[in-house]
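Read the structure below first, then the notes.
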Amino acid sequence: MKTRLANPFVIGVFVSAFVFVLAPCASAQQAKEQGSAPPYAGSGKAASKALPDGGPAPRLPDGHPDFSGIWFVGSLGKEDALLVQSAATQGDPALKPFDPKVTPEEKPSFQPWAAEKVNQLGRGPARGELSKMTKAQQLTAVSTEIARLERECVPDGVPGITLVGAMHGMQLVSAPGTLVQLTELNHDYRVVSIDGRAHSKEPDPKFNGESVAHWDGDTLVIDTIGLDDRSWNDAGAWIHSDQQHVVERFSRPSRNYLIYQVTVEDPKVLTRPWVSAPHKYSLSVSSEPLNEWYCGINPDGDEEVRALKETKKRLEEDISKESSH
């Protein structure tokens with residue numbers, strides 16, 4: 001079974017010693033195809049050879065593009081397009097969803113309170129830092145790490161199902177009037193009806209929200225509201241509120257490529273709407289199906305969470321005793 005990576009910067013915690021360490025990145029074989037492109041910054045290596053366009057995109061019986069297939073981030077049509085983590089490959093443009101020099105992408109503009117929460121949730125203390133903290137600071141760090149680890153089993157939601165879920169590959173299944181999206185990460189899925197219906201006045205919150213969709217020429221536009229605010233929009237702890245409004249645009253300019261762009265509005269969390277760069281996904285070059293991969297917590301991780309909770313309880317008791325004296 002292939003090794004999996006839940007978060008490019010996942011941090012594990014060994015609580016008995018109060019030490020936080022970086023979890024090992026998933027290993028992946030480097031792309032064998034090396035093109036004649038010039039070296040990318042800092043590597044001295046030629047950029048990997050991207051897939052050719054592959055001809056025109058296939059079409060459904062109703063004439064619209066057929067998005068069916070297994071897709072990976074970048075232009076290699078392989079999972080290691082994202083998971084190759086060595087210093088020699090991180091700058092390879094073929095491993096990226098977009099080229100920031102060609103299509104720059106601004107970071108989300110968080111309100112101050114949200115920026116602080118994202119900063120707390122998206123990282124853990126570096127090795128040895130806990131020993132330098134007060135017990136109150138240790139309690140905060142341990143509580144945050146518990147929340148982060150337990151969050152790994154929460155569905156990615158929208159747009160996370162594409163921005164995060166596709167990290168390990170996503171499968172799209174198209175049919176006239178319907179798009180089904182499946183991801184290897186936690187086996188998340190959603191079914192989108194393409195019939196131009198309007199949103200409900202008060203949709204019940206769901207992880208994938210309430211989506212309505214229509215075609216804009218050859219681009220599928222999916223409009224989503226009613227999102228459960230327990231999910232994150234990306235792997236870096238981008239939180240959102242129940243007022244988040246997401247508009248996604250899927251297009252398939254050629255057989256081997258899919259383009260995804262998303263606009264996120266969230267007046268409770270963001271100071272202004274966020275518009276992504278066009279993200280590129282490439283069609284799988286393998287016949288291998290999506291693998292089984294559930295949650296970011298394996299049995300060892302479950303034990304880790306239990307140990308974290310025991311430590312949290314001890315810290316709370318110690319702080320309570322100290323404050324009563």
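Nothing here was measured: the structure is a model prediction, and the numbers come from that model.
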For the CG atom of Asn291 and the CD atom of Glu184, what is their distance to the nearest 0.5 Å? 5.0 Å
Whether Ser254 side chain and Asp53 backbone form a donor-acceptor pair below 3.5 Å: yes
Nearest 0.5 Å, what's the CG-NZ distance between Asp318 and Lys313? 12.5 Å
Nearest 0.5 Å please: distance from the OG1 atom of Thr134 over to the CG atom of Leu139. 9.5 Å
Salt bridge flag under 4.0 Å for residues Lys101 and Asp99: no
What pairs of residues pass the ring pair (Phe, Tyr, Trp, His ring centres under 6.0 Å) test when at least one of them lies in residues 239-258, not counting sequence neighbours? Phe250-Tyr260
Tell me whether Gln181 contacts the main-chain N or O of Asp188 through its side chain, where contact means a donor paired with an acceptor under 3.5 Å. no
Lys/Arg N to Asp/Glu carboxylate O, Asp242 vs Lys268, below 4.0 Å: yes
Verify the neighbour count for atom OH of Tyr189: are there more than 12 heavy atoms of other residues, nucleotides or ligands below 6.0 Å? no
Could you check if a side-chain atom of Lys206 sits within less than 4.5 angstrom of a side-chain atom of Asp228, using non-hydrogen atoms only? no
Check this for me: Glu322, atom CD, are more than 12 non-hydrogen atoms of other residues, nucleotides or ligands nearer than 6.0 Å? yes
Could you pull out the closest heavy-atom pair between Ala166 and Val73, with the gap in Å? O-CG2, 3.8 Å
Establish whether Val180 and Leu290 are linked, either directly or via other cluster members, by ILVMFWY side-chain heavy-atom contacts under 4.5 Å. yes
Under 4.0 Å between a side-chain nitrogen and a carboxylate oxygen: does that hold for Arg190 and Glu248? yes
Measure from the side-chain N and O atoms of Ser286 to the backbone N and O of Glu288, and report whether any donor-acceptor pair falls under 3.5 Å. yes
Indicate if Ile319 and Val142 have the same hydrophobic cluster label, given that clusters are the connected sets of ILVMFWY residues with side-chain heavy-atom separations under 4.5 angstrom. yes
Using the rule given for side chain to side chain contact (heavy atoms under 4.5 Å, CB included), can you reason through Val269 versus Trp113, listing the C-alpha separation, both sets of side-chain angles and the distance that settles it, and then say yes or no? CA-CA 8 Å; Val269 173; Trp113 72 268; 4.0 Å; yes
Would you kindly confirm whether Leu270 and Leu163 end up in one hydrophobic cluster when ILVMFWY residues are joined by side chain heavy atoms under 4.5 Å apart? yes
Could you see if Leu283 belongs to whatever hydrophobic cluster contains Tyr281? Use Ile, Leu, Val, Met, Phe, Trp, Tyr and a side-chain cutoff under 4.5 Å. yes
How long is the gap from CG on Leu179 to OG on Ser174, to the nearest 0.5 Å? 5.0 Å
Crowding at CD, Glu202 (>12 non-hydrogen neighbours, <6.0 Å): no
For Phe110 and Glu116: C-alpha separation, side-chain torsions, deciding distance, then whether side chain to side chain contact (heavy atoms under 4.5 Å, CB included) applies. CA-CA 9 Å; Phe110 293 111; Glu116 177 60 25; over 6 Å; no
Taking Ser276 for the side chain and Val262 for the main chain, is one N or O donor matched with an acceptor at less than 3.5 Å? yes
Look only at the side chain of Glu210 and the backbone of Ser200, and say whether a donor-acceptor pair between them is shorter than 3.5 Å. yes
Which residues satisfy the ring-ring contact (aromatic ring centres under 6.0 Å, His included) test with Phe67, sequence neighbours excluded? Trp215
Neighbour count above 12 (heavy atom, 6.0 Å) for Asp216 CG: yes
Is Ser143 reaching over with its side chain to a backbone N or O of Thr140, donor-acceptor style, under 3.5 angstrom? no
Picking from Trp71, Phe98, Phe72, what satisfies ring pair (Phe, Tyr, Trp, His ring centres under 6.0 Å) with His279? Phe98
Identified side chain to side chain donor-acceptor pair (under 3.5 Å) counterpart of Asp218 within the set Arg59, Arg252, His64: Arg59
Within the structure provided, determine whether Trp232 and Val118 are in side-chain contact (heavy-atom separation under 4.5 Å). no
With rounding to the nearest 0.5 angstrom, report the CD to OG distance, Gln244 to Ser231. 7.5 Å
OG of Ser68 to CG of Leu258: how many Å apart, nearest 0.5 Å? 11.0 Å
Ala277 backbone acceptor or donor facing Glu105 side chain under 3.5 Å: yes
Could you check whether any side-chain N or O of Asn256 sits under 3.5 Å from a backbone N or O of Pro52, counting only pairs where one atom can act as donor and the other as acceptor? yes
Short side-chain to backbone donor-acceptor contact, Ser282 and Gly74, under 3.5 Å: yes
Assigning hydrophobic clusters by single linkage (Ile, Leu, Val, Met, Phe, Trp, Tyr; side-chain heavy-atom cutoff under 4.5 Å), is Val102 placed with Val275? no
Decide, yes or no, whether a salt bridge links Lys312 with Glu316 under the criterion of side-chain N to carboxylate O below 4.0 Å. yes
Using modelled atom types only, decide if a donor and an acceptor are shared between the side chain of Ser241 and the backbone of Gln243 within a distance under 3.5 Å. yes
